[in-house]
Every structure is written in structure tokens, then in C-alpha cells.
Amino acid sequence: MSAHAILGSGSYAPTRIVTNDELSQRVETSDEWIFTRTGIRERRIAGPDESTSQMASAAARAALADAKLSPADIDLLIVATMTPDMPMPAAACLVQTELGLSADTACFDLNAACTGFVYALDTAWAMLASGRYRTALVIGAEKVSSVIDWSDRTTCVLFGDGAGAVVLGSAVEGSRARLIGSKLGSIPATSSALMTPGGGSAPASPDAPKCITMKGKEVFKLAVRAMDDVAREILVAHNIAPSEVACIIPHQANRRIIEAIAQYLELPLERFFINLDRFGNTSAASIPLALDEARRAGRIKSGDVVLLVAFGAGLTYGATLVRF
Ligand code: COA
């Protein structure tokens, strides 16, 4: 089987910054409460005319430029999102038009909530490994602000909008860069901990809230367990010691969740890339946005082994091991 690698990355964040202080003028909260419980200081919020597909397209353009490839090179496009512009067509089809990708491109959205990007990466990798696709754009993009109840202080302080993208293709000859492994899963019977109950086809849906509802403490515990377990499993499966991982890009939900995982894996917190202080939880965009920032900040060098690890509503979880 030929090897596949991440050939480039890009990201996009809306320009509007909403600080904790600004939120504390809308709901009963404070910068001190939000920062000590979550590590978040501010988040980006999309403008009224800005959509998930537009943010996705901006991130994808940057990833193509980074990979030195053109839209004509792409034959597979996956957008991981739980906030597509509309139920149909898929955000991926809107991105396809925006970028001018050819009619030969397979385009679809994938929803695994905040684990979406890791799921999409694995899906694209498997499709490339089949030999029937050459080069993929894998995007995580979310306008989470569109499914937030802005009067609910228990959720509105946590989330933000943004997009991140990677180009996945055949590993460059002579380079050691490649995808090493991936592991996905979902813990059954945990869906009520984190959901958007309304807006779908469930019988109760018309009256149910169309915003995120969450049992914070339950999600916190599930998240730590799921990310710790899957990180261990993938490292053992590929015979890589935690100390060999140069950088961990965790889902950016809460700094205390990341601290707990660092402690369980017995790794220094400095090994984890954290940007949630500036972006909050951008759901499926969180990992590709952080990955792109980490690369641009020089935190990931050629030859480094990087671990991506995420959890999200479902409760889904997943991890990817990549050598750059
Ligand atoms: N500002 C001020 N007070 C707030 C608040 C806010 N924004 N949100 C909740 N509170 C209050 C609660 O009402 C509660 O008050 P009470 O004791 O009078 O009932 C108190 O603060 C403590 O709330 P609690 O839920 O115990 O806080 P916590 O330490 O568990 O932190 C979260 C709350 C949400 C930050 C934390 O549980 C968490 O991060 N969970 C995981 C969420 C997550 O990652 N979701 C995304 C998954 S992809």
C-alpha cells in the first residue's frame, strides 16, 4: 500500500473577536470564571454574512497554497461540520463551486461533531488508500455561533467559529512524512450529554431547542477518559512511546481537560499545542486550526511524530498519528 501524507495546511478565523468581558455584559458571568474553568479568554465569531462554506473555502485555499497544489489536483473533498450552511446540498458542494474544483471531485460532509476532522481524515485516507482517489482536501469548518443559545451562560462562553484544512496525498518520494495510524470510536448511550435536540427529524424535534445543550461535568469526565484511552491505544498499536511524540494537538475544548490528559499520559503540558485561549471550542475546526497554527509557529518540524486526539458529541472520539 502506498503511503499518504499531509502535504499542506491552512486555516481561517473570522475577524470579530468576542472577549470574556464582552460576554459578561450579556450573561451573568466573568472573565475570571470563564478563564479559570476553561482557559478561554476570547473567541472569534463569524459575521452575519459569513457562512461555514465560506470559512471552509478560505482555509482550503490556504492549504492548497501551502501544498503548492491547484484546485485541479483535488478529486476528493470532505467537509467535517455539524453546522453546514443548510441541510442540503452539503457544504462540500458549495466549497467545490467556490474553489472551482472539477466535476470529477467526490464531495460530501461528515458529521462526527467535534471529532469530525479526525473522522474525515481517516475517511479520506481510506479512500486514497483504495487507489481510486489521488489527492484530498479535508476541512473542518464550523459556525458554532449559529447553534448557540446566547442567553445560556453554561454553553455560550465555550464555543467559537473558524475553519482549518489539510491537503492529503501521496507521500513525497524520499520523505519520511506520512500518516501512521488512526483509531475512531463512539461511546454508546451518551448522546444526551451533549446535543442539539431540535432542528432534525426526531418526533420531538419541532419543540426541542435548536441550540447546543450540555451536561458539562458528564462531558468533562467522558472526554478525559475517551481521549486518554484512544491516545494510549494508538501509541501501543504503532509501538510508539508517549515520549516519542513531539507535539500533541488535542481538541481545544477546555484547558483543564488537556491538563488531565497530559497528567495521565505523563507528558509535559508544553508538549501540547493549545490555542483555545484565543479561539474557544470551534468543534470540527479546532484540530485543523490548531495544527495549522502549530506548523506556522514552528512547533512541528520535519520528521516529528504528531498526535491528533479528539472527542465530541456522540460521544465520538478518535486519534491520528502523523509523521511530518
Ligand atoms: N459563568 C459563571 N458561572 C457559571 C457559568 C458561567 N459561564 N456557567 C456555569 N456557571 C455556574 C453554574 O451554574 C454552577 O453554579 P451552581 O453551583 O450555583 O449551580 C457553577 O458555576 C459551577 O458549575 P459547574 O458546572 O460545576 O462548573 P464546572 O467546573 O463543571 O465547569 C464547564 C463547567 C462547562 C466549564 C466544564 O464542566 C466543562 O468544560 N465540561 C466539558 C464541556 C465541553 O468540553 N464541551 C464541549 C465538548 S466537544
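Just so we're clear, the structure is a prediction, and the values are computed from it rather than from any experiment. Indexing begins at 1, ligand by ligand and atom by atom, following the structure's order.
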Worksheet item: Judged by modelled atom types alone, do Glu142 and Ser283 share a side-chain donor-acceptor pair under 3.5 Å?
Response: yes
Discussion item. Can you see whether Asp85 engages Ser53 through a side-chain donor-acceptor pair at a distance of less than 3.5 angstrom?
Written reply: yes
Discussion item. Would you say atom 29 (O) of ligand 1 makes contact with the protein, given that contact here means a non-hydrogen protein atom less than 4.0 Å away?
Written reply: yes
Discussion item. Under 4.0 Å, heavy-atom basis, I'd like to know which part of Arg256 is in contact with ligand 1: side chain, backbone, both or neither.
Written reply: side chain
Worksheet item: Nearest protein heavy atom to atom 21 (O) of ligand 1: under 4.0 Å?
Response: yes
Worksheet entry | Under-4.0 Å protein heavy-atom contact, atom 48 (S) of ligand 1 | yes
Worksheet entry | Distance-only side-chain donor-acceptor flag, Lys210 / Thr196, under 3.5 Å | no
Fill in: Nearest-contact summary for atom 25 (O) of ligand 1 - protein heavy atom, Å
Lys217 NZ, 4.3 Å
Worksheet item: Just checking, any donor-acceptor pair under 3.5 angstrom between side chains of Thr154 and Asp152?
Response: yes
Item to complete: Would you mind telling me if ligand 1 is within reach of the side chain of Asn254, the backbone, both or neither, using heavy atoms under 4.0 Å?
Response: side chain
Worksheet item: Would one find an N or O of Thr38, backbone or side chain, under 3.5 Å from an N or O of ligand 1?
Response: no
Fill in: For atom 41 (C) of ligand 1, the protein heavy atom that lies nearest, with its residue and separation
Gly216 O, 3.5 Å
Discussion item. Can a donor-acceptor pair be found, under 3.5 Å and without considering hydrogens, that links the side chain of Thr213 to the backbone of Met195?
Written reply: yes
Worksheet item: Can you check whether Cys93's main-chain N or O pairs, donor with acceptor, with Thr97's side chain at less than 3.5 Å?
Response: yes
Discussion item. Can you report which non-hydrogen protein atom sits closest to atom 15 (O) of ligand 1, along with the distance?
Written reply: Arg153 NH2, 4.4 Å
Worksheet item: Is it true that the side chains of Glu259 and Tyr264 contain a donor and an acceptor less than 3.5 Å apart?
Response: no
Worksheet item: Who's the nearest protein heavy-atom neighbour of atom 33 (C) of ligand 1, and how far?
Response: Trp33 CH2, 4.0 Å
Discussion item. Suppose we measure from atom 1 (N) of ligand 1 to each protein heavy atom; which comes out shortest, and what is that distance?
Written reply: Thr29 OG1, 2.7 Å
Discussion item. With the threshold set strictly below 4.0 angstrom, can you tell me whether any protein non-hydrogen atom sits that near atom 17 (O) of ligand 1?
Written reply: no
Worksheet entry | Sub-3.5 Å N/O-N/O distance, Asn281 and ligand 1 | no
Practice prompt. Give a yes or no on whether the backbone of Ala246 and the side-chain of Asp304 come within a donor-acceptor separation of less than 3.5 Å.
Written response: no
